[in-house]
Amino acid sequence: MSQTHDRIVQAARRLAQSRLPFSMDQVALGAGVSRASLYRHFPSRDALIAHLRAAGVSADELPKAVQERILETTGRVLAREGLAGLTLAAIAAEAGVSLATLHRHFTGRAGLLQAFAEA
């Protein structure tokens, strides 16, 4: 294992144990490496999470934590802006996630509202 690999794993471990957003951008930033270097060591987020699981980090909670943060943010934005002001961009920005992450977890605005209502 290289020093870069170890720095990436340590940065990912710190993010997994914190309540900070867990994105490949955040891992690269925390490790002090470029995204290209990160992806040379771990070709996907899933590969990095699998490595963390094998190392004993409870990465199973990461997607759930992101979804919970998005749903909590949806409630705040809805209370503040109303249904007309509830945009995916506003939710993503306030939740600290990208629009792609929001779409990965929920099927658009309708899917997000359905999940929010069910929660």
Checklist entry - Passes side chain to side chain contact (heavy atoms under 4.5 Å, CB included), F106 versus L88? Steps please. => result CA-CA 10 Å; F106 303 97; L88 296 181; over 6 Å; no

Checklist entry - How far apart are the C-alpha atoms of H103 and R109, what are their side-chain angles, what is the distance that settles it, and do they pass the side chain to side chain contact (heavy atoms under 4.5 Å, CB included) test? => result CA-CA 9 Å; H103 281 284; R109 186 173 187 253; over 6 Å; no

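When all heavy atoms are compared, the tightest approach of V27 to A11 is O-CB, 3.7 Å. Between V33 and S37, the shortest heavy-atom distance links the atoms CB-CB, 4.0 Å.
Interatomic distance, L29 CG to S34 OG, rounded to the nearest 0.5 Å: 12.0 Å. Atoms CG and OG1, from L38 and T4 in turn, are 10.5 Å apart once rounded to the nearest 0.5 Å. Between H105 atom NE2 and I70 atom CD1 the span is 5.5 Å, to the nearest 0.5 Å. In this structure, CG in L99 is found 11.5 Å from CZ in R104, a value given to the nearest 0.5 Å. With values rounded to the nearest 0.5 angstrom, Q67 atom CD is found 10.0 Å from L102 atom CG.
Between the side chain of T101 and the backbone N or O of V97, no donor-acceptor pair lies under 3.5 Å. In terms of modelled atom types and a separation under 3.5 Å, the side chain of R14 and the main chain of G30 share a donor-acceptor contact. Counting only distance, with no hydrogens or angles, the side chain of T73 and the backbone of R69 share a donor-acceptor pair below 3.5 Å.
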Pairs under 3.5 angstrom only: tabulate donor-acceptor contacts from the side chains of residues 112-119 to other protein residues two or more places apart or in another chain.
residue: Q114; atom: NE2; partner: E118; partner atom: OE2; Å: 3.1

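Residues I8 and M24 fall within the same hydrophobic cluster, defined by Ile, Leu, Val, Met, Phe, Trp and Tyr side chains chained together at heavy-atom separations under 4.5 Å.
Take H5 and apply the ring pair (Phe, Tyr, Trp, His ring centres under 6.0 Å) test, not counting sequence neighbours, and it matches H41, F42, H51.
Under the 4.5 Å side-chain criterion, counting only non-hydrogen atoms from C-beta, E81 is not in contact with L86.
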